[in-house]
Amino acid sequence: MSFYLSPSLLSADFGELRRDTEMLNASAADWLHIDIMDGHFVPNITFGPPVTKAIKKHAKKPLDVHLMITQPERYLSAFKEAGADILSVHAEACTHLHRTLSEIRQLGMKAGVVLNPHTPLCQVEYVLEYCDLLLLMSVNPGFGGQKFIENTYRKLEEAAKLKARYNPNLIIEIDGGVNLDNTPKLLASGANALVAGAAVFAAEDVPAQIKTMKALGDKA
Ligand code: DX5
Ligand code: ZN
C-alpha cells in the first residue's frame, strides 16, 4: 500500500536547513513536514512563516505544515504566503473548527485537522467531509524523538471507519515515534501518510533510510 512519507524538519539541522531541504528533494520523501510551535499550545518554540518561506524557496516537494499554536486562524494567510501546501490545525486549538478548515481550503491549501493522543475522534466527526487530511498524534506534541503511544492503532482503526463513512478521499496521517518497526502495522491499520523525524534524521544515510521506509509500503 503506497503512502506519503513526510520527514519532519524538526529533526533536521536548523543551521543547515537549505542543505537538509535539498537532501530531501533528492530523496524518495513525498512531503516536507514543518512543525510550528508557539510555546503556548505546546511547551516548545520552533519557527514561523519567515523560516517556512525560506525552506519553501529550496523545497521541491509539498510543505506539510503542522500548526501547534493557539488560535491558528490568525495565521492562515501568513502560512499560505509562506508556501504551505497542506495546513493542519489542532482541533483543541480551534473554537470554530469548521470555519477554520473552510478558510484553509478557500485560500487554496489542503486542510488538515489534528488530534492530540487523548482527544476522541468524535471531536472531528462532523468536519471530516470539510477537510483533506486527519492527523493523529501518536505522541504528545512538542518534541521529536518520543516514544510511540500504542493505543494509536485502535484509534487509527476507528478513524478508518469514519473515513469510509464520511470522506473516502481523506488522508490519515500519523505523527510521533514512527519508525521502521511500527510502519507496517500503521499502514495495515489504515494510515496512508506517516511523519518521521528521529527515525529518518538519526540514520547515517538519511536518503537510504527514507527509501527503506517507503519500500515498506510496497510490501504492505
Ligand atoms: C512532535 C511533532 C512531530 C515530530 C515527530 O510534536 O509534531 O512532527 O517532529 O518526531 P519523531 O518522528 O521523532 O517522533
Ligand atoms: Zn508534526
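Whatever order the structure lists ligands and atoms in, that order sets their numbers, starting from 1.
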Ring centroid separation Tyr166 to Tyr130 under 6.0 Å: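 No - the distance between ring centres of Tyr166 and Tyr130 does not fall below the 6.0 Å cut-off.
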
Nearest-option assignment for atom 5 (C) of ligand 1, heavy atoms, candidates Asp35, Asn116, Leu9, Asp175: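 Nearest option to atom 5 (C) of ligand 1, by heavy atoms: Asp175.
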
Nitrogen or oxygen of Asn140 less than 3.5 angstrom from that of ligand 1: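 There is no such contact.
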
Polar atom proximity, Leu10 to ligand 1 (N or O, under 3.5 Å):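 There is no such contact.
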
Residue from Lys56, Lys61, Lys110 passing side chain to side chain donor-acceptor pair (under 3.5 Å) with Asp85: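 Only match with Asp85 under side chain to side chain donor-acceptor pair (under 3.5 Å): Lys56.
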
Region of Ala196 engaging ligand 1 - heavy atom pairs below 4.0 Å: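 Only the backbone of Ala196 comes within reach of ligand 1.
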
Can you list the atoms of ligand 1 that are under 4.0 Å from a heavy atom of [X]?
| X | answer |
| --- | --- |
| His33 | 8 (O) |
| Pro141 | 6 (O) |
| Gly142 | 1 (C), 6 (O) |

Taking atom 1 (C) of ligand 1 as the reference point, the nearest protein heavy atom with its distance: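 Checked against all protein heavy atoms, atom 1 (C) of ligand 1 sits closest to Phe143 O, 3.5 Å.
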
Residues, nucleotides or ligands: over 12 heavy atoms within 6.0 Å of Tyr126 OH: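 12 or below, so no.
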
4.0 Å heavy-atom contact, Ala199 with ligand 1: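 The answer is no: ligand 1 sits nowhere under 4.0 Å from a heavy atom of Ala199.
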
For Leu170 against Lys163, the heavy-atom pair lying closest together: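 Answer, listing the atom of Leu170 first, then Lys163: O-NZ, 2.9 Å.
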
